[in-house]
Amino acid sequence: SIDVDTGSYSNVRRMLREGRLPPDDAVRVEELVNYFSYDYPVPDDNETPFSLNVEQAVTPWNPNTRLLQIGIQGYRPDPETIPASNLVFLLDVSGSMNSEDKLGLVKNSLKMLTRQLDADDRIAIVVYAGATGVVLESTPGDQHAAIAGALDRLSAGGRTNGAAGIELAYAQAAQGFIEGGVNRVILATDGDFNVGTVDFEALKDLAERKRETGVAITTLGFGTGNYN
């Protein structure tokens with residue numbers, strides 16, 4: 001798979017560590033293969049968008065056949081050439097997020113992300129539960145202490161009006177829009193909207209319309225059990 005996703009490996013590993021076999025549809029072979037770093041040579045410049053690496057071996061369980069692996073390594077741009085980012089973290093702080101593998105993991109993940117940003121980048125934080133609000137106005141990416149402090153002050157409780165949060169996050173993204181930059185809403189949630197607009201197609205249509213204005217959205221799922 002060229003669209004690399006590694007989620008299945010982590011999910012299968014978690015289930016095995018819990019002493020149970022994963023369901024069939026949790027085992028996605030391409031995601032298990034793509035989990036590992038193969039140290040393929042990186043193209044020297046963007047004139048060569050990717051390199052091809054081919055290996056062949058005898059199939060361990062059938063000596064009469066062969067396994068062929070075709071590895072693709074894309075060109076990696078110099079970090080200095082990556083455009084500035086205008087990121088809006090949209091965080092679910094409803095009651096169902098109140099656990100370390102949900103809101104706790106969200107906080108730690110976003111702190112790791114912000115440490116990779118600099119003064120040219122901008123970050124805002126919007127939260128939603130029964131109500132929504134801006135807990136951090138658009139802030140330079142090198143203000144790591146201010147960003148971490150805003151994350152540390154978050155706590156979970158209440159119902160889940162995700163649609164109102166999405167609207168407010170897009171408004172923040174438009175306010176801090178960077179022409180030619182990376183403008184993105186990052187939604188972190190366990191996925192359960194139960195107040196306001198809950199129609200998936202309506203929310204999908206909103207995301208598509210906003211994408212045409214130059215603001216994309218990434219959704220990050222957290223937790224297990226009631227994860228939707």
Side-chain angles (χ1 to χ4, degrees), residues 6-7 10-11 13-15 17-18 85-119 121-177 182-200 202-204 206-207 210 215-228:
T6 62
S10 300
N11 206 24
R13 179 180 59 193
R14 175 180 60 83
M15 294 177 190
R17 283 177 170 171
E18 291 172 352
S85 295
N86 164 40
L87 304 178
V88 179
F89 297 154
L90 174 56
L91 309 183
D92 181 352
V93 293
S94 62
S96 63
M97 289 288 287
N98 189 24
S99 66
E100 277 307 304
D101 68 339
K102 292 186 179 182
L103 186 56
L105 185 56
V106 169
K107 293 179 181 181
N108 290 335
S109 301
L110 296 186
K111 286 176 185 177
M112 290 176 65
L113 172 61
T114 57
R115 286 196 289 270
Q116 301 179 47
L117 305 179
D118 59 32
D121 303 310
R122 307 289 298 183
I123 287 179
I125 300 177
V126 175
V127 297
Y128 68 90
T132 63
V134 179
V135 298
L136 183 71
E137 297 282 353
S138 188
T139 300
D142 64 345
Q143 301 294 311
H144 299 157
I147 298 165
L151 290 167
D152 285 337
R153 289 191 293 272
L154 298 179
S155 59
R159 300 183 72 190
T160 319
N161 192 344
I166 289 174
E167 293 280 7
L168 182 56
Y170 275 125
Q172 285 288 310
Q175 184 175 316
F177 191 85
V182 177
N183 297 280
R184 185 171 295 270
V185 172
I186 300 176
L187 167 61
T189 178
D190 59 3
D192 213 5
F193 292 3
N194 52 33
V195 179
T197 302
V198 295
D199 183 336
F200 174 76
L203 294 169
K204 181 179 170 185
L206 172 66
K210 294 297 184 180
V215 180
I217 187 168
T218 293
T219 57
L220 306 176
F222 288 80
T224 58
N226 73 323
Y227 175 69
N228 178 7

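We number each residue from 1, following the sequence as shown.
Put simply, CG on N183 and NZ on K210 are 12.5 Å apart, with the number rounded to the nearest 0.5 Å. Here L187 contributes atom CG and T218 contributes atom OG1; the two are 9.5 Å apart, rounded to the nearest 0.5 Å. Here the CG atom belonging to L117 is positioned 11.5 Å from the OG1 atom belonging to T139, to the nearest 0.5 angstrom. Here OG1 of T6 is found 11.0 Å from CG of N11. Values are rounded to the nearest 0.5 Å. Of the inter-residue distances, the one linking L113 atom CG with I123 atom CD1 reads 6.0 Å to the nearest 0.5 angstrom. Note that the CD1 atom of I147 and the CG atom of D152 stand 12.0 Å from one another [nearest 0.5 Å].
A donor and an acceptor atom, one from each side chain of S85 and R184, are nowhere located under 3.5 Å apart.
Side-chain atoms of L87 and D121, non-hydrogen and from C-beta on, never get closer than 4.5 Å to each other. Residues H144 and K111 form no side-chain contact, since every pair of their non-hydrogen atoms from C-beta on lies 4.5 Å or further apart. Taking 4.5 Å as the limit, some side-chain heavy atom of Y128 sits within range of a side-chain heavy atom of D92. You'll find the side chain of L110 stays beyond 4.5 Å of the side chain of I125, heavy atoms only. Y170 places a side-chain heavy atom less than 4.5 Å from the side chain of I217. The side-chain heavy atoms of E167 and L206, taken from C-beta on, include a pair separated by under 4.5 Å. When side chains are defined from C-beta on, L91 does not count as touching V135, because their heavy atoms never get closer than 4.5 Å. Here the side chains of T219 and T189 are not in contact, with every heavy-atom distance at 4.5 Å or above.
In terms of modelled atom types and a separation under 3.5 Å, the side chain of N86 and the main chain of G176 share a donor-acceptor contact.
Closest approach of A124 to Q172, counting heavy atoms only: CB-OE1, 3.8 Å. Here the closest non-hydrogen pair linking A150 and L154 is O-CG, 3.5 Å. In plain terms, the two heavy atoms of S96 and D190 that are nearest each other are OG-OD2, 2.6 Å. The two residues V93 and S155 make their nearest non-hydrogen contact at CB-O, 3.5 Å. When every heavy atom of A119 is checked against every heavy atom of P140, the shortest pair comes out as O-CB, 4.1 Å.
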- Query: Would V215 and V88 count as a side chain to side chain contact (heavy atoms under 4.5 Å, CB included) if you check the C-alpha gap in whole Å, the side-chain angles of each, and the deciding distance to 0.1 Å?
  - Reply: CA-CA 10 Å; V215 180; V88 179; over 6 Å; no
- Task: Carefully, step by step, assess I166 and V185 under the rule side chain to side chain contact (heavy atoms under 4.5 Å, CB included).
- Result: CA-CA 8 Å; I166 289 174; V185 172; over 6 Å; no
- Task: Decide side chain to side chain contact (heavy atoms under 4.5 Å, CB included) for M97 and V106; before the verdict, give the C-alpha distance in whole Å, the side-chain angles of both, and the deciding distance to 0.1 Å.
- Result: CA-CA 10 Å; M97 289 288 287; V106 169; 3.9 Å; yes
